[in-house]
**Student:** 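Sharing a structure below in structure tokens format, with a few things to ask.
Just so it is clear: chains get the letters A, B, ... in the order the sequence lines come, proteins before strands, and each one is counted from 1.
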Amino acid sequence: MSALSEVKVLVVDDSPFMSTLICEMLKAMGVGKVLKAASGLEALQIIQSDQTIDVAFIDWLMRPMNGIELVRGLRLKAKGRLQRLPIIACTAYTDVKRVLALRDSGVNEVLTKPVSPAALYDKLCAVLYQSRLFVVSPNYVGPDRRRRAIAINFEDRRAGKLDQFDIDEMFG
Amino acid sequence: MKKPSPAERERALENAEAARRDVVRSMAGYLEDAIKALSVAVENGDLPTIERLAHDLSGEAQQFDAPVVASLAKAARSLIDAPPSSRKLPALKATAGAVKAAYVERLRPESERASELHAQMRCLQLALGVDTQELLNLV
């Protein structure tokens, strides 16, 4: 049995070709359950009704509700597991401005198109097995944007601060 | 959840690559339909549709290993991003026409690679105004 056989993934893309391609590759890798949605709105309905989804692959430009709107909605308005759902954004545009916009919206990883099997597999494993701290602050909600553990020579306030924000208090 | 071993990763990648090839092969017609739709939008100067289709096509064309089609999508995106006064719609129409001729009207339908080479030739022909028929015959 594959290590990914218990994993449930949602693929959100309005391009039938890209959606089929990613779904078929995930199934071939051994992912247990792969669901599809053709828009942000449809994805939101699925995510709300099925809270056992482990990871969502979300395309940037879709109608109705694009990828960024969906991610922001989940990070800022949802609660608990739904808010922390690992999200991998998929995009063909890799300019710094767009990648930063995706990062700041709270996605865990960015998967660039064309999608290779290795990139798809490694991004999936990164969110499943190397998860980062989840930050809930007034200005940002999502995985810790700092990937490197850089030594600092002043008081480290991060660990304490992360737990001080209460999602129910902030958005409830 | 248990992390996959390197051997499992290797096996997963082999299976996924086979699945990728199958999907690209089985959905070849999809690329043609996308080019057709973009060509119609370009012909009509329908900017919102060009923007949406060019976005999709830029990722899809690369996935199909069709760099000329990806260039068409990029050119369409540049047109959208340019200020209205400097938009070169006729140039984009010519490129779209050339790519459509190679992929959709099937001048030489042997393979994706041949279609891609034809598209390159047609673009060159349009850009330089030279007759590339002899070169086309060699493809």
**Student:** Can you tell which of A/P117, A/A92, A/C90 has the highest number of heavy-atom pairs within less than 4.5 Å of chain B?
**Tutor:** A/P117
**Student:** Which value, rounded to the nearest 0.5 Å, describes the distance between A/L4 atom CG and B/R9 atom CZ?
**Tutor:** 11.5 Å
**Student:** If hydrophobic clusters are built by linking Ile, Leu, Val, Met, Phe, Trp and Tyr wherever their side-chain heavy atoms come under 4.5 Å apart, do A/I58 and A/L100 end up in the same one?
**Tutor:** no
**Student:** Any idea which heavy atoms bring A/P114 and B/Q63 closest together, and the distance?
**Tutor:** CA-OE1, 3.4 Å
**Student:** Select one option (side chain, backbone, both, neither) describing which atoms of A/D13 are under 4.5 Å from chain B's heavy atoms.
**Tutor:** neither
**Student:** OH/A/Y121 to CD/B/E10 distance, rounded to the nearest 0.5 angstrom?
**Tutor:** 9.5 Å
**Student:** Treat each ILVMFWY residue as a node, draw an edge where side-chain heavy atoms are under 4.5 Å apart, and state whether B/V40 and B/L38 are in one component.
**Tutor:** no
**Student:** Hey, does A/V115 have a side-chain heavy atom less than 4.5 Å from the side chain of B/Q62?
**Tutor:** no
**Student:** In the single-linkage hydrophobic clustering (I, L, V, M, F, W, Y; side-chain heavy atoms under 4.5 Å), do A/L111 and A/Y129 co-cluster?
**Tutor:** yes
**Student:** Is the shortest heavy-atom distance from the side chain of A/T20 to the side chain of B/M27 under 4.5 Å?
**Tutor:** yes
**Student:** Select, from A/D122, A/V31, A/L120, the one with the greatest count of heavy-atom pairs under 4.5 Å involving chain B.
**Tutor:** A/D122
**Student:** So, does A/E24 use its side chain to make a donor-acceptor pair with the main chain of B/V23 at under 3.5 Å?
**Tutor:** no
**Student:** Give the C-alpha distance, both sets of side-chain angles, the deciding distance and a yes or no for side chain to side chain contact (heavy atoms under 4.5 Å, CB included) between B/N15 and A/M29.
**Tutor:** CA-CA 6 Å; B/N15 293 341; A/M29 285 172 184; over 6 Å; no
**Student:** When rounded to the nearest 0.5 angstrom, what distance separates CG in A/L21 from CZ in B/R21?
**Tutor:** 12.5 Å
**Student:** Can you find a heavy atom in the side chain of A/C125 that is under 4.5 Å from one in the side chain of B/K3?
**Tutor:** no
**Student:** Among A/S116, A/G30, A/P16, which residue forms the greatest number of heavy-atom pairs with chain B at distances under 4.5 Å?
**Tutor:** A/P16
**Student:** Is any side-chain heavy atom of B/D56 less than 4.5 Å from a side-chain heavy atom of A/F17?
**Tutor:** no
**Student:** Any chance you could lay out the side chain to side chain contact (heavy atoms under 4.5 Å, CB included) test for B/H55 and A/D59, step after step, and finish with the verdict?
**Tutor:** CA-CA 11 Å; B/H55 170 88; A/D59 182 37; 4.1 Å; yes
**Student:** Using a cut-off of under 4.5 Å on heavy-atom pairs, state which of B/G59, B/A61, B/P4 scores highest against chain A.
**Tutor:** B/P4
**Student:** With a 4.5 angstrom heavy-atom cut-off, could you sort out which part of B/R11 is near chain A: side chain, backbone, both or neither?
**Tutor:** neither
